[in-house]
Amino acid sequence: MSVKSFKGFYRFTEPESNDKYLDEQFNIVQKVTGDGVEYEFMISFYKYNKKLAARVEVFDDAFTAFEKNSELFDELSTMSAVTPDEIEKILISLGYIKLNNYKGE
């Protein structure tokens, strides 16, 4: 029996934040149909020197995410700066499913 999986993401924003992009985060997952994930990594946004800065955060058991999401990192590597809205557009264009309200199969 093979387990189906797909790439998806959750987008989180701190609602009480005064700045639209302060504490905004994308959790990107290889979701296993049902309730699990194969791996997860985050792209978080912070204010740094009055500019918006994105940072990738990966736990050591998920380094495989770099290889398995190479198309995403290839796309991001061509950009000099990126916003959360641009990240979401890129993810959707690459076929990632937005999971915030996803009901599943």
Side-chain angles (χ1 to χ4, degrees):
M1 178 175 121
S2 67
V3 177
K4 290 184 181 180
S5 67
F6 59 91
K7 292 179 181 177
F9 70 95
Y10 299 91
R11 183 176 179 176
F12 302 107
T13 304
E14 289 293 324
E16 64 274 359
S17 175
N18 292 330
D19 187 297
K20 179 179 176 186
Y21 298 124
L22 187 63
D23 297 327
E24 185 138 5
Q25 183 177 63
F26 290 84
N27 288 26
I28 301 166
V29 299
Q30 182 74 32
K31 181 131 175 75
V32 176
T33 303
D35 196 28
V37 297
E38 291 179 24
Y39 61 80
E40 174 182 12
F41 66 97
M42 288 72 68
I43 299 176
S44 302
F45 286 85
Y46 304 92
K47 282 291 186 176
Y48 181 73
N49 288 337
K50 298 182 182 181
K51 291 185 177 182
L52 185 63
R55 180 172 68 191
V56 176
E57 301 173 38
V58 182
F59 291 106
D60 60 354
D61 65 347
F63 285 146
T64 186
F66 289 112
E67 178 184 358
K68 293 185 177 181
N69 292 271
S70 61
E71 72 283 352
L72 172 60
F73 292 111
D74 288 346
E75 183 77 24
L76 294 174
S77 72
T78 66
M79 306 176 82
S80 60
V82 65
T83 66
D85 290 339
E86 289 170 325
I87 291 275
E88 184 166 332
K89 287 178 189 173
I90 290 168
L91 289 166
I92 290 170
S93 75
L94 292 172
Y96 292 71
I97 297 171
K98 188 169 184 179
L99 298 170
N100 290 72
N101 298 311
Y102 183 72
K103 301 297 182 206
E105 299 176 339

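Position 1 is the first residue of the sequence; numbering continues from there.
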Below 4.5 Å, heavy atoms only, C-beta onward: do [X] and [Y] meet side chain to side chain?
X: Val82; Y: Ile43; result: no
X: Lys89; Y: Ile92; result: no
X: Leu72; Y: Ile28; result: yes
X: Tyr96; Y: Lys31; result: no

Is the count of non-hydrogen atoms from other residues, nucleotides or ligands lying under 6.0 Å from Phe12 atom CZ greater than 12?
-> yes
Residues forming a ring pair (Phe, Tyr, Trp, His ring centres under 6.0 Å) with Phe41, sequence neighbours excluded = Phe73
Mutual orientation of the aromatic rings belonging to Phe26 and Phe9 [parallel < 30°, tilted 30-60°, perpendicular > 60°] = tilted
Quick one: which residue pairs count as a salt bridge (Lys or Arg N to Asp or Glu O under 4.0 Å) with a foot in residues 60-76, not counting sequence neighbours?
-> Lys7-Glu71
What are the two closest non-hydrogen atoms of [X] and [Y], and how far apart are they?
X: Ile90; Y: Met79; answer: CD1-SD, 3.6 Å
X: Glu57; Y: Ser44; answer: OE2-OG, 2.9 Å
X: Leu52; Y: Thr83; answer: CD2-CA, 4.1 Å

CA sep, side-chain torsions, deciding dist, call: Tyr10, Met42, side-chain contact (heavy atoms from CB on, under 4.5 Å) = CA-CA 9 Å; Tyr10 299 91; Met42 288 72 68; over 6 Å; no
Under a single-linkage definition using a 4.5 Å side-chain heavy-atom cutoff for Ile, Leu, Val, Met, Phe, Trp and Tyr, are Phe63 and Phe59 assigned to the same hydrophobic cluster?
-> no
To the nearest 0.5 Å, tell me how far Lys98 NZ sits from Glu88 CD.
-> 3.5 Å
